[in-house]
Amino acid sequence: MGNAKANSGRTVGNWSRAALVGLSVVVLAVVVAACGSSSSGGTAGSTGASTGGSKTVSAPAGGPSGSLVYTIAIGPEGLDPDLQGLGPQGMINCSLLYDSLTYQQPNGTVEPLLATEWKTGVGKKGPYVDFKLHEGLKFEDGAPFDAETVVKRIERAKTLPGSMTLPEVASVTVTELGKYEVRMSGPNALALPAIMAGPAGMMISQKAIAEGVPLATKPEGIGMYKLVSYNSGPVIKYTANPKYWDPEAVKIKEITIQAVTDANARLNQMRTKSVDWTYLEPVQDSTAGNLGYNEVPAPVLSSYTYALNTSMKPLDDVRVRKAMAMALDREAMNEAVLAGQSKPLYQLYPELSQAFNKEVQPIPHDIPAAKKLIEEAGATGAEIELSVPSLPTKFVSLAEIAQQAWEEIGLKVSVKSAPLLQAYERFTTGKAGVGFVLAGSFADPQQGYEFYLSPKSLFNPGHFTDPKIAKLAEEGATETDAAKRLQTYRELSARTSETLSIIPVLSSVIHYWVKPEVQNFVPPITPSDPDWRSGIFVASE
């Protein structure tokens with residue numbers, strides 16, 4: 001990318017850290033939809049690709065054709081990229097309607113989309129990333145896509161009441177360097193190429209923003225598809241956008257995405273062949289195996305984790321936290337609840353992530369040793385509340401197994417289940433000492449730190465601080481060498497297995513079920529990003 005052009009002077013100022021903390025709770029909702037993006041260096045991780053069809057073939061010529069029905073577990077709360085209470089499910093729908101600045105491939109690498117290229121660096125004012133924008137594009141309402149679009153879009157994310165993209169852009173300053181070039185700067189700027197592949201990077205018409213168009217039902221983006229029908233219900237229909245700027249990317253003419261919470265109902269859809277693509281609970285996979293669908297296992301960048309409030313006794317004692325980690329039989333939990341499909345995890349980043357540290361040793365399952373640590377800490381009989389989302393039921397099952405294990409080493413544990421946001425709010429506001437979280441799918445390793453370990457994160461209500469972790473996070477936020485940056489996060493990940501302000505338990509795997517007619521299906525490393533651009537199409541029968 002060439003040298004930066006003259007500064008035009010238009011700047012979006014920094015949002016307060018208090019606002020970031022206050023609204024970070026909405027990021028919690030991102031984790032649930034996996035019951036079910038990386039920097040330009042691909043730091044999020046990678047995995048091998050699989051295809052849904054029995055044999056991958058080329059899509060038919062002649063433009064988009066066929067239709068596809070995709071059933072997910074939970075529907076979006078409208079189609080506004082900034083107001084997705086259930087982040088991944090909103091991404092599934094919004095990604096059809098809004099192109100983002102960058103694009104996360106199924107293997108986790110980030111590629112150009114509306115931003116044709118970018119460069120990162122560290123200047124006198126800290127880290128920055130310069131994005132060069134695609135020229136000559138327009139929104140349906142006639143507004144041009146240019147640097148002003150990006151400025152107004154980030155400004156909206158930071159000021160819209162209830163904005164759920166605020167946590168990712170709160171500290172970001174956007175400056176126009178020219179009509180088709182912008183600079184984004186801030187403490188976590190090096191993670192922005194990956195972040196801009198998600199909702200925060202979905203570009204919205206500046207005209208629609210100025211006019212206050214209700215994007216929840218009237219989307220105004222540059223997207224592969226146009227909305228056909230959506231009435232805040234469980235079924236949303238789309239049709240291919242005939243004016244899309246990259247017509248070769250659009251292979252399917254019509255897409256229907258429907259929400260069916262009950263996994264048994266999704267299984268029944270497979271029995272009646274009324275769905276082309278869905279996913280089930282692990283215990284259902286053996287039943288689904290003879291229904292004529294192709295099973296596509298997809299390890300994802302998510303993990304089942306217990307977050308701890310280290311300001312509450314006895315969780316302020318690392319001996320207690322270590323004992324709790326030792327008491328968990330991860331293999332047994334995996335077999336009992338997840339049909340053996342996951343892997344034990346002992347650090348912040350799951351194995352799929354390039355920030356995963358292979359040198360970290362497993363924490364041994366040792367009840368006698370754990371009980372001794374509890375006694376040494378004087379914590380025998382201490383009361384702890386574990387807050388867990390009530391759905392899906394496997395969350396509660398995993399929490400109840402942990403409860404039994406922790407009571408076996410001398411703690412008194414009560415499990416409180418509630419709907420997602422209420423469960424997380426109970427933990428983040430200090431009412432519960434432990435919170436069950438399915439988190440991950442972090443676009444960049446720095447987000448893992450921000451989500452769990454930053455003293456200002458809502459998932460760190462005890463404001464736990466470890467000098468080594470803080471130093472590594474600071475180094476990772478400013479290191480421009482991709483290899484060195486990854487090594488920094490690997491060291492940070494290893495340190496979490498020692499401090500144990502969080503107790504990771506299992507990595508996550510989703511098993512998709514796809515009709516043979518659906519070709520070129522490539523499972524993403526995160527369930528929030530079905531890859532509509534990878535050539536997926538529906539073969540004629």
Side-chain angles (χ1 to χ4, degrees), residues 1-2 4 12 30 37-46 81 87 91 95 98-123 125-134 145 147 149-151 153-154 157 165 167-178 180-203 222 301 349 353-355 440-451 473 475-486 488-489 524-526 528-529 531 533:
M1 186 167 167
V12 178
V30 172
S37 312
S38 103
S39 70
S40 56
T43 57
S46 62
M91 272 289 291
S95 62
Y98 297 89
D99 275 3
S100 49
L101 282 185
T102 59
Y103 154 60
Q104 184 186 33
Q105 290 190 337
N107 67 2
T109 60
V110 174
E111 301 290 342
L113 193 56
L114 291 181
T116 60
E117 55 183 308
W118 62 86
K119 69 175 182 180
T120 58
V122 179
K125 295 184 179 180
Y128 67 84
V129 55
D130 291 343
F131 289 100
K132 188 173 182 179
L133 307 179
H134 201 297
F145 170 69
T149 307
V150 180
V151 171
R153 196 275 167 270
I154 300 301
T165 51
E168 294 184 309
V169 298
S171 61
V172 174
T173 298
V174 185
T175 306
E176 291 187 32
L177 302 178
Y180 296 105
E181 196 168 359
V182 297
R183 170 167 292 186
M184 294 189 187
S185 54
N188 296 327
L190 300 185
L192 284 172
I195 291 172
M196 289 297 109
M202 290 180 175
M203 292 295 108
I222 296 175
L301 283 169
Y349 302 109
S353 171
Q354 290 184 13
S441 302
F442 299 120
D444 184 273
Q446 180 69 12
Q447 291 178 285
Y449 166 79
E450 295 289 346
F451 188 91
E475 292 174 357
T478 56
E479 178 57 69
T480 57
D481 182 280
K484 292 181 180 178
R485 189 167 185 264
L486 275 178
T488 296
Y489 288 111
I525 63 170
T526 161
S528 64
D529 299 309
D531 187 25
R533 310 187 70 86

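This is a predicted model, so every value here is computed, not measured.
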Nearest 0.5 Å please: distance from the [atom1] atom of [X] over to the [atom2] atom of [Y].
X    : Y    : atom1 : atom2 : value
S95  : Q104 : OG    : CD    : 11.5 Å
I195 : S100 : CD1   : OG    : 12.5 Å
L133 : E117 : CG    : CD    : 10.5 Å
L114 : H134 : CG    : NE2   : 7.5 Å
L486 : E479 : CG    : CD    : 10.5 Å

Short question: side chain of [X], backbone of [Y] - any donor-acceptor pair under 3.5 Å?
X    : Y    : value
Q447 : D444 : yes
Y128 : G123 : no
R485 : T480 : no
T102 : P193 : yes

*Please test I154 against M196 for side-chain contact (heavy atoms from CB on, under 4.5 Å), starting from the C-alpha separation and ending with a verdict.*
CA-CA 10 Å; I154 300 301; M196 289 297 109; 4.3 Å; yes
Could you check whether any side-chain heavy atom of [X] comes within less than 4.5 Å of a side-chain heavy atom of [Y], counting everything from C-beta outward?
X    : Y    : result
M203 : D99  : no
W118 : P112 : yes
R533 : L113 : yes
N188 : Y449 : no

Any idea which heavy atoms bring [X] and [Y] closest together, and the distance?
X    : Y    : answer
K484 : D481 : N-OD1, 2.9 Å
L190 : P127 : CG-CB, 4.0 Å
T165 : A157 : OG1-CB, 3.2 Å
M202 : Y98  : CB-CB, 3.7 Å
P81  : P199 : O-CB, 3.5 Å

_As a test of understanding, state which of M184, E176, E181 forms a side-chain contact (heavy atoms from CB on, under 4.5 Å) with V150._
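With V150 as partner, side-chain contact (heavy atoms from CB on, under 4.5 Å) holds for just one option, M184.
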*asked:* Under 3.5 Å, is there a donor on one side chain and an acceptor on the other for Y489 and Q354?
replied: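 Per modelled atom types, Y489 and Q354 side chains form no pair under 3.5 Å.
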_According to side-chain hydrogen bond (donor to acceptor under 3.5 Å, both in side chains), who are the partners of Q105, at least two apart in sequence or on a separate chain?_
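By the side-chain hydrogen bond (donor to acceptor under 3.5 Å, both in side chains) rule, Q105 matches T109.
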*Residues two or more places apart in sequence or in another chain: which of them pass salt bridge (charged side-chain N to carboxylate O under 4.0 Å, His left out) with E475?*
K471
